[in-house]
Amino acid sequence: MVLGASLSGCLYGFAGGGLPPTIKTVALLPFDNQTAEPTLTQEVAARVRDAVESRLGLRQASESQADAVVRGTILRYEPDLPIQYNATVGRQVNVTRRLVQITVSVEILDQKQGKPLWQRSSLVLEGDYETGREREGRDKALDKLVTNIVEGAQSQW
């Protein structure tokens, strides 16, 4: 009876997810950088390259040979947004915590189908940090960029 009940239950599962099985290679195009921070282009490229290779399992290829292309634009970089303050007795305000904010548009394009597999426009990524430690905030924001790309690629149905 238990066997009959379990067999008559709702049988479903998830199929798909992730990139299509035909996507095995990727070309990473340099992100266009519309900010005044020139090093962002290389930092984004390195982080995205590591993610698509290690977390998505794709091999690097030239643009003409790749199954997919990752491209994007760094639209905005705000390295010093105050988010936490301390006031002293003399009414002086000290900023104790700040925020790095990076805005990007990014796309993974299936070259054979000629259609986007995943894309986000004006994706805002943030990383908070203690005053004087901007690099930590920037690293947090870049980690979020990579997570968004990987999760976006893996969520395709």
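Heavy-atom basis, side chains included; hydrogens, waters and symmetry copies ignored.
- A pairwise comparison of heavy atoms in Leu56 and Ala153 identifies CD1-CB, 3.9 Å as the closest pair.
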### Query
Stepwise, does the side chain to side chain contact (heavy atoms under 4.5 Å, CB included) test hold for Val48 with Ile149?
CA-CA 8 Å; Val48 173; Ile149 291 171; 3.8 Å; yes
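- Thr25 and Asp67 share a side-chain donor-acceptor pair at under 3.5 Å.
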### Message
side chain to side chain contact (heavy atoms under 4.5 Å, CB included), that's the test. Do Val70 and Glu107 meet it? Break it down for me.
### Response
CA-CA 6 Å; Val70 176; Glu107 172 182 62; over 6 Å; no
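- A single hydrophobic cluster is not seen to contain both Leu109 and Val106; linkage of ILVMFWY side chains at heavy-atom distances under 4.5 Å, directly or through other members, places them apart.
- The CZ atom of Arg55 sits 7.5 Å away from atom CD of Glu151, with the distance rounded to the nearest 0.5 Å.
- The line from CZ of Arg98 to CD of Glu78 is 13.0 Å long, rounded to the nearest 0.5 Å.
- One hydrophobic cluster, built from ILVMFWY side chains closer than 4.5 Å, holds both Phe31 and Val146.
- Leu125 and Tyr77 end up in the same hydrophobic cluster when Ile, Leu, Val, Met, Phe, Trp and Tyr side chains are linked at under 4.5 Å.
- Summarising the geometry, atom CG belonging to Leu58 is positioned 8.0 Å from atom CD1 belonging to Ile108; distances are rounded to the nearest 0.5 Å.
- Val150 and Val104 fall within a single hydrophobic cluster, where Ile, Leu, Val, Met, Phe, Trp and Tyr are joined by side-chain heavy atoms under 4.5 Å apart, directly or via other members.
- Checking Asn94, Thr96, Val93 one by one against Tyr85, the side-chain contact (heavy atoms from CB on, under 4.5 Å) holds for a single residue, Val93.
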### Task
May I have the step-by-step check of salt bridge (Lys or Arg N to Asp or Glu O under 4.0 Å) for Lys144 and Asp139, ending in yes or no?
CA-CA 9 Å; Lys144 289 177 182 177; Asp139 285 342; over 6 Å; no
### Query
Which is it for Arg59 and Val26 under the side chain to side chain contact (heavy atoms under 4.5 Å, CB included) test, yes or no, and what are the steps along the way?
CA-CA 6 Å; Arg59 292 184 324 274; Val26 66; over 6 Å; no
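- Between Asn33 atom CG and Thr41 atom OG1 the span is 3.5 Å, to the nearest 0.5 Å.
- Proximity of a side-chain donor or acceptor of Thr73 to a complementary backbone N or O of Ser105 within less than 3.5 Å is not detected.
- The backbone N or O of Ala66 sits less than 3.5 Å from a side-chain atom of Gln111, completing a donor-acceptor pair.
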### Task
Go through Ile102 and Leu40 one step at a time and tell me if the side chain to side chain contact (heavy atoms under 4.5 Å, CB included) criterion holds.
CA-CA 10 Å; Ile102 303 171; Leu40 272 179; 4.2 Å; yes
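- Distance check, rounded to the nearest 0.5 Å: CG of Leu81 to OH of Tyr129 gives 7.5 Å.
- Distance check, rounded to the nearest 0.5 Å: NZ of Lys140 to CG of Leu99 gives 9.5 Å.
- With sequence neighbours left out, the side chain to side chain donor-acceptor pair (under 3.5 Å) criterion links Thr22 to no other residue.
- Of the N and O atoms on the side chains of Arg76 and Gln101, at least one donor lies less than 3.5 Å from an acceptor on the other residue.
- Residues Asp110 and Lys115 are not paired through a salt bridge, judged by the lack of any N-O separation under 4.0 Å between the basic side chain and the carboxylate.
- The salt bridge (charged side-chain N to carboxylate O under 4.0 Å, His left out) contacts involving residues 21-39 comprise Glu37-Arg138, where partners must be two or more places apart or lie in separate chains.
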